[in-house]
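Notes to accompany the following structure.
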Amino acid sequence: MAHLTLGIETSCDETAAAILEDGRRIRSSVVASQDILHAPYGGIVPELASRRHVEAIWPVVQEALVRAEVYLSDLDGIAATTGPGLIGPLLVGLCFGKALAFAKHIPLVGVNHLEGHLYAALLDHEELSFPFIGLVASGGHTHLYHAAAPGDYRLLGRTRDDAAGEAFDKVAKFLSLGYPGGPRIEEWAQKGDLDAVRFPRSVPPRGSYDFSFSGLKTAVVNYVKRLEVRSQELDPALVADICAGFQEAVVDVLVRVSLAAAKASASRRLVLAGGVACNGRLRSKLTERAAEEGVQVYYPNPSLCTDNAAMIAAAGYPRLLRGERAALSLNADADLVLGLT
Ligand code: KG4
Ligand code: ZN
């Protein structure tokens, strides 16, 4: 009999549920985005996010069950995100998972959202196995891990200030391009000249795999201020060039640092995850450079890069299979850490 896992993810602004068969096969994956709700504010409003999760969680779980043609009584386990993320949103998904587990006598495990992102690549690439180097680049994190085995992670480097996705979002907000910023900037950058405007790259000192993006964001702001034109009144061709130059700088740093870590590892396998991994320029540049360096790169499908519950179910599955069970006292932790530092 196949093992059916229900994944639940509500750490940020996506209400997501998925049904996974035997830890690999996605029977359904439903994501209700709150982008339109938060767009007028140019960023996520936590209280609005929590309230929308409360409204959406049951319909989203029901939709996942219907699409997978599964009844609640068929479920063998529930995996719910416990952190890191926004505390209100996290509590909605976790409490829902706990209530379902209690009412229907279904085993439950809590999952670290960052581990979920790493598992997204395993869902899409059957040939991929541990160990590997994993970069999680999202709106909240730019974390580089050595993933030795399921549950065995070591943090090699992280952003010292803004996350890569956060930099995309802040620059897009400054240029009045809308939210979320990553896809908007990528679209504008496609119309721009990569070399027209060059922004500084922050390269970590030797032996460090840390990132920094706030200086780059400030460089964009200062560049526009020097033009003495309001950002809303910039020539569209210049906006495209600024986006191309900014994106190139972020991509350059992500490629350089993550490839250096992959080259120094025995496996020479690099997994890219998180919303920023959707970026086409990042994918093409990394593919090209990795081939030169003899590193094998794995990207999840874009729908699995951004927040989803299939990745949470995938990360929870091996632990459910081993018989791990969370107590109903399991709590959410906004600052939950993954692995050793
Ligand atoms: O992983 P994710 O969905 O949520 C978090 O856990 O944060 O990542 C969202 C982030 C946002 O900052 C968004 O701007 C960025 O990923 N993003 C992108 C692209 N698509 C999403 N950044 C660059 N290029 C993209 N195409
Ligand atoms: Zn995420």
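Atoms within each ligand, like the ligands themselves, are counted from 1 in listed order. Along the sequence shown, residues are numbered consecutively beginning with 1. Computed over heavy atoms, backbone and side chain alike; hydrogens, waters and symmetry mates excluded. What you see is a predicted model, and the numbers here were worked out from it, not measured in a lab.
Residue pairs meeting the side-chain hydrogen bond (donor to acceptor under 3.5 Å, both in side chains) criterion with at least one member in residues 288-312, sequence neighbours excluded: His113-Asp307, His117-Asp307, Lys263-Glu293, Thr287-Tyr299, Arg289-Glu292, Arg289-Glu293, Asn301-Ser303. Identified under the side-chain hydrogen bond (donor to acceptor under 3.5 Å, both in side chains) test for residues 129-151, with sequence neighbours left out: none.
A salt bridge links Glu248 with Arg281: at least one charged nitrogen is closer than 4.0 Å to a carboxylate oxygen. Ion pairing between a basic and an acidic side chain is recognised when a charged N comes within 4.0 Å of a carboxylate O; Glu166 and Lys217 show no such pairing.
Annotation: Tyr317 is in aromatic contact with His3 [ring centroid separation under 6.0 Å].
Taking the six-membered ring where the residue is Trp, Phe199 and Tyr223 present perpendicular rings, their angle passing 60° and hence far from 30°.
Shown in contact with Gly140 at under 4.0 Å from a heavy atom are these atoms of ligand 1, numbered in order with element: 7 (O). Close contacts of ligand 1 with His117, meaning ligand atoms under 4.0 Å from a residue heavy atom, involve 1 (O), 6 (O). Less than 4.0 angstrom separates some heavy atom of Asp169 from each of these atoms of ligand 1: 11 (C), 12 (O), 13 (C), 14 (O). Within ligand 1, counting atoms from 1 as listed, the ones closer than 4.0 Å to a heavy atom of Thr306 are 3 (O).
In this structure, Pro183 counts as a contact residue of ligand 1, since one of its heavy atoms falls inside 4.0 Å of the ligand.
Contacts of His141 with ligand 1, taken as heavy-atom pairs under 4.0 Å, are absent altogether.
The side-chain heavy atoms of Leu320 and Arg325, taken from C-beta on, include a pair separated by under 4.5 Å. Contact check for Phe174 versus Ile242: no side-chain heavy atoms found under the 4.5 Å cut-off.
With respect to atom 24 (N) of ligand 1, the closest heavy atom belonging to the protein is Asn279 ND2, 3.0 Å. Gly139 N, 3.4 Å is the protein heavy atom nearest to atom 10 (C) of ligand 1.
For atom 6 (O) of ligand 1, the choice among Val171, Asp35, Asp307 with the nearest heavy atom turns out to be Asp307.
Take the Zn ion (ligand 2) and draw a sphere of radius 2.8 Å; the protein N/O/S atoms inside it number 3.
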What side-chain donor-acceptor pairs closer than 3.5 Å can you find for residues 54-66, not counting sequence neighbours?
unit_1 : atom_1 : unit_2 : atom_2 : d
Glu55  : OE1    : Arg52  : NE     : 3.3
Glu63  : OE2    : Arg67  : NE     : 2.9
Glu63  : OE2    : Arg67  : NH2    : 3.3

